[in-house]
Amino acid sequence: MSPTDAAPTSSTVPSAPPRGAPDRDTARPASGVGPEGAEAAITEYYDRLVRLGYVVLPSSLGRHRRVIAAHGIAQAALPRGRAGRGGGVPSPRASGSGGTPEDPAHAYVRLRVLRAALDAGRPPRIAGREFPLFSRLPPRRPGGLFPRVIGLRLLPGAEGIGEPERELDAAAPATRAAFVLRHLEGLPPESVRRLLEEAEVGENVARAAVRAADALAGRLLDEGGEGAGTPGSPPSGTVPVPDPCVLRAGPTDLLRRRRRTRTALLSAGGLALIAGLMAVQPGGGGSRAPGATAADPSLLLRAEAGAWERAGRLDFTSWPARGPAARDRELLGRVLAAWTSPDSRVTISTTRGTDPGPPAGPPRLLYAGEVDGAVVVLMHDGLRLMRYAEAAGAGGGPAVLDLARTDGAHSALASAVVLNRGEGTVRYLTAPWVSSAVVRELREAGDEGRPVAVDAHGATEALPTPAGDTECGAYPVLEFTGADTADPGPHTVADLGELTPVLLTSGGPGAGAGDVPDERVREVWAPTACHLSTLAGSGVRTVAVWEFARQELPGDGRSAGWVCTRADTWRTAGSRTLVQFQPPGSTEGAGSGEDGGPAAPGAVVARAEDGPECGPRSPHVLAGGLWQAPDGEWYLLAAGSEEVARISASGGVSGEVTGRTMVLPAEPGVETELTALLEDGGELEALGVGRPG
């Protein structure tokens, strides 16, 4: 594994502009393009200019002020002066992707936006120079005469908001600028470096920013499952970046605004006071107060019953509103009030990394009805799943509100959610495209399961759950198939005690999620099942198993499996990787034949936290450990993934073998280091050397 380039973390100090550099507003034109051309470029490329400004502006401004400032500096990119009197637009020095010359006016206004956004994060300067005394002052706040928004708080749309945006905001301003220019504008690295230097970023900082932007894009795309591409080229896929031209409107601090308005109006006189209070009263003049949108049950989003059949992407937006109480306005109003303005009767719980705040706008209703003596309501706000539960007949008594991240969930990940739990049981609410379901014992590879009853609203019968079972006597899972022709399944999910079940998949790095579980995959999952309980409470999204090697054991010639188990969460961080040694007794005949029954758990020989191991960014693995044969002899066993060509051992046991499995005589308790040579000449260190059995 090679370390990822880190983004610069300290503020950059721009180099002074070269002596004799032209003024930013009155540069002499190097082409025939004038202010009229600049205005046309701003209009044509407005969304791209605003996006560049938004990403580069300091995150300390807050989303609302960043949106306003981004629109302001994009509009202020129009140069002063009139056509024919200087103030023309210089021709660009860079070209777009593929070598196509850029629009000179676009290149000019883009540079002005870039300079203004970078300047907003720098301390104030005098005559273009920075002074140490000013480094303690806060960054300048971009402003201007336009635009202005009063009484509303504008935020970017839900797409791109979340962990990727927080990671992007944490990068240095120059890195964010390089990120946009390189991976959204499509400029080659050299052009990006020159643009940063023209924006008064030092040469060394500009080069480092380009490298850090490539690494950042790779991480963001890897988190979304797109893949990072080849080194030195822009990652493939869509980089999740908020769009400041697609906005959500919400209220400002209504109480504070009202107090300030009242004070101002009192000082202005009685007549102004009366007119002002009429303007700010909620509902005055027939208008709707901004804060009422998220809490109004009449504004809840509802999909039609067959919307999923026409959707281009199957996710929670395709779920219709189901349940006997889906039209109970009083209940829905109570639930929305508990979500938007919770009081002491409401207990809020969240999965790790989930925002506990209210929805930004009207959420989508998924289910409302009575389940096992409790009133349960499920909603989705585009990023999170919300479940509200209260005792039946309580009508405003104590309630529990659970929130869980679901950003990016689609297909199998959006096919089932936990509706309610009982004593050792769980009910799921299934997506409208789920056509059949069975409950199956994961520890028994030969168990074909039994059919699950699903009612007209998509709710399953009460099923046994492994959540909370510390003994792991059994591990029941839900296996379902769907009517989605692109990915019908079957898919397997397990309950880890959270609002969303965990999707269990198979296959090596890069394999599609939800591979059909054939007989061998079930044999690999059977000894893995009991290790899933260690992941509870961490917000896990998927768990994948990958048998990267099989090894013939000395003695009776039976074979054992080496399995990598990788758990990914809904957050950027939090991944967990286990390497198991699965001896013959745990993988052969589990749940079938004379030796049937639950499989014994595999032996964990290595662990990794918050890393890329066994994932698309680190697809090679090497592991080993000491093993005692039935005849009492000890051996060092090691195995590597497919592209391992040679394995070497040093320390307590020394030796080298050609191939991707190793068996060497050993003594109990010795410490050994393992390394491997890959077919492409690269080197690989062992993830761990433990005791497999």
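Residue Thr565 holds its OG1 atom at 10.5 Å from CZ of Arg607, rounded to the nearest 0.5 Å. With rounding to the nearest 0.5 angstrom, the CG atom of Leu383 is 11.0 Å from the CH2 atom of Trp570. Rounding to the nearest 0.5 angstrom, the gap separating the OG atom in Ser641 from the CG atom in Leu622 is 8.0 Å. Distance CZ/Arg405 to OG1/Thr350: 11.0 Å, rounded to 0.5 Å. Thr661 contributes atom OG1, which lies 12.0 Å from atom CZ of Arg550 (distance to the nearest 0.5 angstrom). Summarising the geometry, atom CG belonging to Leu442 is positioned 7.5 Å from atom OG1 belonging to Thr492; distances are rounded to the nearest 0.5 Å.
Within the 4.5 Å cutoff, the side chain of Val477 has no heavy atoms near those of the Trp525 side chain. For the pair Leu366/Val417, no side-chain contact is recorded, criterion being any heavy-atom separation below 4.5 Å from C-beta on. Counting only heavy atoms from C-beta outward, the side chains of Pro476 and Leu463 never approach each other to under 4.5 Å. In this structure, the side chains of Arg387 and Val418 come closer than 4.5 Å at one or more pairs of heavy atoms. Taking 4.5 Å as the limit, some side-chain heavy atom of Thr340 sits within range of a side-chain heavy atom of Pro359. Between Pro324 and His457, some side-chain heavy-atom pair lies under the 4.5 Å cut-off. Side-chain contact between Val563 and Glu547 is present, with at least one heavy-atom pair separated by less than 4.5 Å. Residues Pro509 and Arg566 form no side-chain contact, since every pair of their non-hydrogen atoms from C-beta on lies 4.5 Å or further apart.
For Glu448, the salt bridge (charged side-chain N to carboxylate O under 4.0 Å, His left out) partners are Arg522, not counting sequence neighbours. Looking at residues two or more places apart in sequence or on another chain, you find a salt bridge (charged side-chain N to carboxylate O under 4.0 Å, His left out) between Glu609 and Arg576. The side chain to side chain donor-acceptor pair (under 3.5 Å) test applied to Glu441 returns no partner, not counting sequence neighbours. For the salt bridge (charged side-chain N to carboxylate O under 4.0 Å, His left out) test, no residue two or more places apart in sequence or in another chain qualifies with Arg660.
For the residue pair Val377 and Ala368, the shortest heavy atom distance occurs at CG2-CB, 4.0 Å. Glu523 and Arg520 get closest at one heavy-atom pair: OE1-NH1, 2.5 Å. Of all the heavy atoms in Ala544 and Thr505, the pair that sits closest is CB-OG1, 3.1 Å. Ala416 approaches Pro501 most closely through the heavy-atom pair O-CD, 3.3 Å. Annotation for Thr577 and Cys614: closest pair CG2-SG, 3.9 Å, computed over non-hydrogen atoms. For Gly624 against Leu674, the heavy-atom pair with the smallest separation is CA-CD1, 3.8 Å.
The closest donor-acceptor contact from the side chain of Thr542 to the backbone of Leu503 lies at 3.5 Å or more, if one exists at all. At least one donor-acceptor pair closer than 3.5 Å links the side chain of Arg384 to the backbone N or O of Gly357. Side chain of Thr460 to main chain of Tyr428: a donor-acceptor pair is present (N/O by atom type, distance under 3.5 Å, no hydrogens or angles). With hydrogens and angles ignored, the 3.5 Å screen pairs no side-chain donor or acceptor of Arg352 with any backbone N or O of Arg571. Ser341 places no side-chain N or O within donor-acceptor distance of the main-chain N or O of Ala337, the cut-off being under 3.5 Å.
With 3.5 Å as the limit, one finds a donor-acceptor pair spanning the side chains of Thr528 and Gln582. A donor and an acceptor atom, one from each side chain of Ser349 and Asp402, are located under 3.5 Å apart.
Within the structure, the ring-ring contact (aromatic ring centres under 6.0 Å, His included) test picks out no pair touching residues 325-365 (sequence neighbours left out). Applying the disulfide bond (SG atoms under 2.5 Å apart) rule to pairs touching residues 305-339 yields nothing, sequence neighbours excluded. Sorted by first and then second residue, the salt bridge (Lys or Arg N to Asp or Glu O under 4.0 Å) pairs involving residues 455-472 (not counting sequence neighbours) are Arg450-Glu461. Residue pairs meeting the ring-ring contact (aromatic ring centres under 6.0 Å, His included) criterion with at least one member in residues 458-481, sequence neighbours excluded: Phe480-His491. Applying the salt bridge (Lys or Arg N to Asp or Glu O under 4.0 Å) rule to pairs touching residues 327-337 yields Asp296-Arg329, Glu330-Arg334, Arg334-Glu390, sequence neighbours excluded. The list of side chain to side chain donor-acceptor pair (under 3.5 Å) pairs with a residue in residues 363-379, not counting sequence neighbours, reads Asp372-Arg427.
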Pair up each side-chain donor or acceptor in residues 301-308 with any protein partner under 3.5 Å, not counting sequence neighbours, and list the distances.
unit_1, atom_1, unit_2, atom_2, d
Arg302, NH1, Ala326, O, 3.0
Arg302, NH2, Ala326, O, 2.9
Glu304, OE1, Arg310, NH2, 3.1

Cut-off 3.5 Å, no hydrogens considered: what does the side-chain donor-acceptor table look like for residues 530-537, sequence neighbours left out?
unit_1, atom_1, unit_2, atom_2, d
His531, NE2, Gly602, O, 2.8
Ser533, OG, Cys530, O, 3.3
Thr534, OG1, His531, O, 2.6

Practice prompt. Start with the C-alpha distance between Trp319 and Leu378, add both sets of side-chain angles, then the distance that settles side chain to side chain contact (heavy atoms under 4.5 Å, CB included), and finish with yes or no.
Written response: CA-CA 11 Å; Trp319 283 42; Leu378 283 169; 5.7 Å; no

Worksheet item: Step by step, would you call Leu300 with Leu336 a side chain to side chain contact (heavy atoms under 4.5 Å, CB included)?
Response: CA-CA 10 Å; Leu300 280 170; Leu336 289 172; 4.1 Å; yes

Worksheet item: Does the side chain to side chain contact (heavy atoms under 4.5 Å, CB included) test come out yes or no for Leu553 and Leu637, once each step is laid out?
Response: CA-CA 9 Å; Leu553 301 176; Leu637 305 181; 3.7 Å; yes

Item to complete: Go through Leu365 and Met379 one step at a time and tell me if the side chain to side chain contact (heavy atoms under 4.5 Å, CB included) criterion holds.
Response: CA-CA 5 Å; Leu365 177 63; Met379 296 182 182; 4.2 Å; yes

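Classification of the Trp562-Phe548 ring pair by plane angle, with boundaries at 30° and 60°, yields tilted.
Tested against Glu613, the residues Leu578, Leu687, Val621, Val579 include a single side chain to side chain contact (heavy atoms under 4.5 Å, CB included) partner, Leu687.
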